[in-house]
Amino acid sequence: MISALILARIHFAVTITFHIIFPAINIGLSLLIFIWEAMYLRTGDKRYYHMVRFWSKIFAMLFGMGVVTGTMMSFMFGLSFGRFSYIVGNVLGPLLSFEVLTAFFLEASFLGVMLFGWNKVGKKFHLFATGMVFFGTCLSAFWIIAANSFMQTPAGHEFANGMIYARDWVSIIFSPSMPYRLSHMLCGSFVSASLITLGISCWFLMKKKDIDVAKLCAKFSGIFLFITITLQIFLGDLHGLNTKDHQPVKLSAIEGHWEDEGESAPLVLFGIPNMQEERNDYEVKIPKLGSIILTHSMNGKITTLKSIPKDERPYVPIVFFSFRIMFGCGVVIFALATYSLYIIRKKKLETAKFFHKFALWSSPLGVIAVISGWYVTECGRQPWLIQGLIKSHEGVTMNLNPYAVIFAIGIMSLIYIVISFFLCKYIKSTLNKGMFHVN
Amino acid sequence: MDFIFQNLSVIISIVIGVSLLVYVFLDGVAIGSGIASFFMKNKENRGMTMSSVLPFWDSNGTWIILAAVLLWAGFPKAYEIVTSIFYLPAVLLLIAICVRGMAFEFRNKKETHMHKWDVAYFVACSVIAFIEGAAAGNYLMGFDISVGEYNGGIFAWFNIPAIIAGIVVVVGYAILGYGWIVIKFENDIKKNAIELTISFAKILLSLLPVLLICTAYFIPSVVQIWKDRILLIAPSIIMIFASVIYLILKAKKFKSDMSILYVSYLIVALSAATLIFTNFPYIVGRSISIFEYASNDYGRRFFMYGIMIFIPLISIYMCKNILVFRGKLKEKISY
């Protein structure tokens with residue numbers, strides 16, 4: 001029988017994996033919509049108006065799904081990890097309360113105006129509402145990432161009587177990994193959203209529909225994508241260095257670094273981490289490169305997995321492969337972004353058939369990268385629930401009935417499949433209606 | 001300021017209670033209109049009714065999330081126990097919330113699917129109302145908690161008083177929903193809604209005694225509490241009955257469109273008061289009071305500032321939202 005812990009973790013993973021898709025797109029998409037609306041007000045160019053109206057329709061559906069899957073999240077902590085909710089309630093409870101108070105109400109209230117208020121409020125107030133929706137999504141990311149970063153690199157707390165007490169809120173909120181994680185996630189969202197807007201506008205170009213609007217949208221998205229992915233690679237490097245300092249075991253799992261070989265660490269390009277024999281099978285590696293990338297010096301050393309007790313190591317393969325999936329996505333996205341700059345410069349946006357296909361098929365890569373990035377950071381923290389303080393098995397709900405969890409996993413997976421099905425279907429029908437907004 | 005910090009437990013409980021009440025006032029209306037519209041004569045009115053709550057449903061739902069996280073922040077132990085008791089109903093509630101959200105977003109996308117989404121929407125709204133009612137019923141009953149841990153099985157929440165409470169809330173939400181429909185529409189829809197209000201109020205009037213008798217029969221401890229606090233409980237219950245009867249007799253003669261909703265709000269508030277009068281000062285069952293198991297004061301002070309700053313701010317943009325979309329609804333809205 002699988003333990004209640006594993007089931008609880010699977011349940012949580014399913015719920016949060018499905019949820020993160022929506023914020024990952026929505027934060028970036030609301031920024032794009034806001035910029036386009038501002039451009040429309042400034043230039044009076046109707047094409048921006050059509051872009052705003054078109055993407056608002058898709059944003060509305062995605063936001064709605066983000067809200068309902070997010071409601072699930074607010075109960076999931078207690079459902080799967082009740083003990084944890086109690087132990088850490090003094091810290092995470094207030095952080096999430098702030099998320100609801102500052103962010104959720106802001107975005108939910110102004111969303112009504114943003115989507116349905118076109119003929120009811122002035123243009124400037126409407127722009128303000130759109131900006132508030134974007135600001136709300138950012139605030140929401142701020143608080144939830146503060147909470148997550150506390151679990152990764154706790155600070156400003158005291159652990160006594162089996163409960164964590166808050167001592168210094170500034171240290172708790174801005175824990176050592178928080179600024180890096182937050183900027184990496186926000187930028188990841190900008191990348192994911194602009195990839196989707198680029199991909200879909202290329203679909204329109206491919207079908208030769210609404211070319212005027214689609215061209216502007218593709219051009220804007222391409223440039224925006226290039227800026228954000230370049231920034232993202234830089235931020236990712238910083239985040240990695242931060243992980244090396246504060247969570248060295250996670251980094252070793254990412255690198256598949258079991259033991260030191262000579263003076264420097266190699267970079268393992270590929271391999272299959274073997275937990276039993278404590279090595280990588282079928283390893284392909286480049287000597288010294290690991291030291292250069294991770295310590296920015298020729299002979300820097302990183303923590304070896306073998307130096308950590310067996311029961312304090314994460315399950316290496318998940319961390320190892322998730323990282324490579326994320327990194328691979330990043331490389332492809334960067335290639336696409338550079339290519340799109342070239343196409344835009346050469347003014348070939350309408351005719352570049354290969355580019356259209358490339359962009360269209362790459363549109364989900366940002367979301368895939370975000371999800372696998374989260375797998376790296378969450379699975380890399382295991383077996384800890386809060387790094388160095390509480391292990392996962394200590395946080396699981398007391399007397400959890402395994403059958404209830406299996407039922408919950410089953411029915412929630414089912415509803416997620418149903419949601420995905422209808423979402424794809426109705427996004428497709430929105431696309432078929434075209435980018436021009438009638439009236 | 002000092003007064004607030006010295007009575008944090010009471011104040012946080014009040015804030016949790018108020019957000020739940022606001023949730024029922026706002027989302028109870030939206031959920032209720034989903035139940036209510038299903039019984040209306042003209043099927044096209046369902047889409048109109050749904051349109052009328054479309055700009056609000058996101059922010060309405062946020063109030064119950066606020067209550068959940070405030071419970072977590074203020075009373076971590078209570079949050080742990082509540083989520084383990086309500087494991088199954090919480091999962092079902094979340095599924096229903098998902099289906100409702102899908103219906104909102106997807107119903108108007110294709111003509112041919114409308115009817116299916118209407119049914120899904122009605123079922124989802126009813127399930128949400130039922131589970132919220134059952135939760136209230138369980139709150140009234142108390143739970144099998146000893147030494148701070150919950151001992152009941154996963155189906156313990158599904159008991160007779162809770163089932164009846166669930167049905168009562170479904171009917172109650174429907175009445176709230178009709179109150180909303182009367183405000184938002186004119187002519188036939190309005191007339192139809194008033195008639196249905198009376199029918200549902202009659203159903204409510206016949207269910208309430210059943211609920212009271214069941215509660216007294218299955219939970220003898222409640223009877224003792226009611227005897228001890230008779231001066232608080234008796235007037236509330238009598239006023240609930242009086243309000244329902246008033247609704248049945250007067251609904252057709254109200255001059256203002258707002259009256260039905262106001263009377264329904266009064267019924268909700270009185271029911272909430274009855275619950276609190278029965279259970280104070282306990283937060284889960286009759287063993288964990290708000291004065292034990294509270295989280296530490298430094299943590300709570302921090303979010304108390306948040307509450308004091310942001311609740312007024314939230315009220316402002318909520319009012320703005322309501323003002324922007326006020327008035328009778330003439331045509332379906334979409335984006």
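What you are looking at is a predicted structure, and each value in this text was computed from that prediction instead of being measured. Numbered from 1 within each chain, the chains take letters A, B, ... in sequence-line order.
Contacts between Leu111(A) and chain B at a heavy-atom distance below 4.5 Å involve the side chain alone, from C-beta outward. Heavy atoms closer than 4.5 Å to chain B are found nowhere in Ile172(A), neither backbone nor side chain. Only the side chain of His11(A) comes within less than 4.5 Å of a heavy atom of chain B; its backbone N, CA, C and O stay farther away. Looking at Thr71(A), both its backbone and its side chain come within 4.5 Å of chain B, counting heavy atoms on both sides. Residue Phe98(A) touches chain B through its side chain alone, counting heavy-atom pairs closer than 4.5 Å. Heavy atoms closer than 4.5 Å to chain B are found in both the backbone and the side chain of Leu423(A). In this structure, the portion of Val67(A) lying under 4.5 Å from any heavy atom of chain B is its side chain and not its backbone. In this structure, chain A has heavy atoms under 4.5 Å from both the backbone and the side chain of Leu66(B). Within the 4.5 angstrom heavy-atom criterion, atoms from both the backbone and the side chain of Ile307(B) approach chain A. Residue contact with chain A, scored on non-hydrogen atoms closer than 4.5 Å, involves the backbone and the side chain of Trp63(B) alike. In this structure, chain B has no heavy atom under 4.5 Å from any part of Phe81(A). At a 4.5 Å heavy-atom cutoff, Val91(A) makes no contact with chain B through either its backbone or its side chain.
For Ser140(A) against Ala103(A), the heavy-atom pair with the smallest separation is N-CB, 3.4 Å. When all heavy atoms are compared, the tightest approach of Gly89(A) to Trp72(B) is CA-NE1, 3.4 Å.
Looking only at side-chain heavy atoms (C-beta outward), Val82(B) and Phe75(B) stay at 4.5 Å or farther from each other. Residues Tyr87(B) and Thr397(A) are not in side-chain contact: their nearest non-hydrogen atoms beyond the backbone lie 4.5 Å or more apart. Using a 4.5 Å heavy-atom threshold, the side chains of Ile128(B) and Tyr173(B) count as separate. Considering only heavy atoms from C-beta on, Phe59(A) comes within 4.5 Å of Asn26(A) through its side chain.
Proximity of a side-chain donor or acceptor of Asn148(A) to a complementary backbone N or O of Ile144(A) within less than 3.5 Å is not detected. Remark: the backbone N or O of Phe77(A) is paired with a side-chain donor or acceptor of Ser85(A) at under 3.5 angstrom. Here the side chain of Thr83(B) pairs a donor or acceptor atom with the backbone of Glu80(B) at under 3.5 angstrom.
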Under the side-chain contact (heavy atoms from CB on, under 4.5 Å) rule, what do Met72(A) and Ile95(B) come out as? Steps first, then yes or no, please. CA-CA 8 Å; Met72(A) 289 193 165; Ile95(B) 297 292; 4.2 Å; yes
The test is ring-ring contact (aromatic ring centres under 6.0 Å, His included); show your working for Tyr305(B) and Trp169(A) and say whether it passes. CA-CA 13 Å; Tyr305(B) 283 117; Trp169(A) 279 108; over 10 Å; no
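Among the residues in residues 123-137 of chain A, those with a non-hydrogen atom closer than 4.5 angstrom to a non-hydrogen atom of chain B are Phe125(A). Residues from residues 118-125 of chain B never place a non-hydrogen atom less than 4.5 Å from a non-hydrogen atom of chain A.
By number of non-hydrogen pairs under 4.5 angstrom with chain A, the leading residue of Gly101(B), Gly61(B), Cys98(B) is Cys98(B). The candidate with the highest count of non-hydrogen atom pairs below 4.5 Å against chain B, out of Thr430(A), Val88(A), Thr102(A), is Thr102(A).
Taking the ring-ring contact (aromatic ring centres under 6.0 Å, His included) definition, one finds that Tyr23(B) meets it with nothing, sequence neighbours left out. Listed by chain and number, the residues in a ring-ring contact (aromatic ring centres under 6.0 Å, His included) with Phe185(B) amount to none (sequence neighbours excluded).
Atoms CG and CE, from Leu79(A) and Met412(A) in turn, are 6.5 Å apart once rounded to the nearest 0.5 Å. Between atom CH2 of residue Trp36(A) and atom CZ of residue Phe54(A) there is a gap of 9.5 Å, rounded to the nearest 0.5 Å.
In summary, the aromatic rings of Trp118(A) and Tyr49(A) are positioned with their centroids under 6.0 Å apart.
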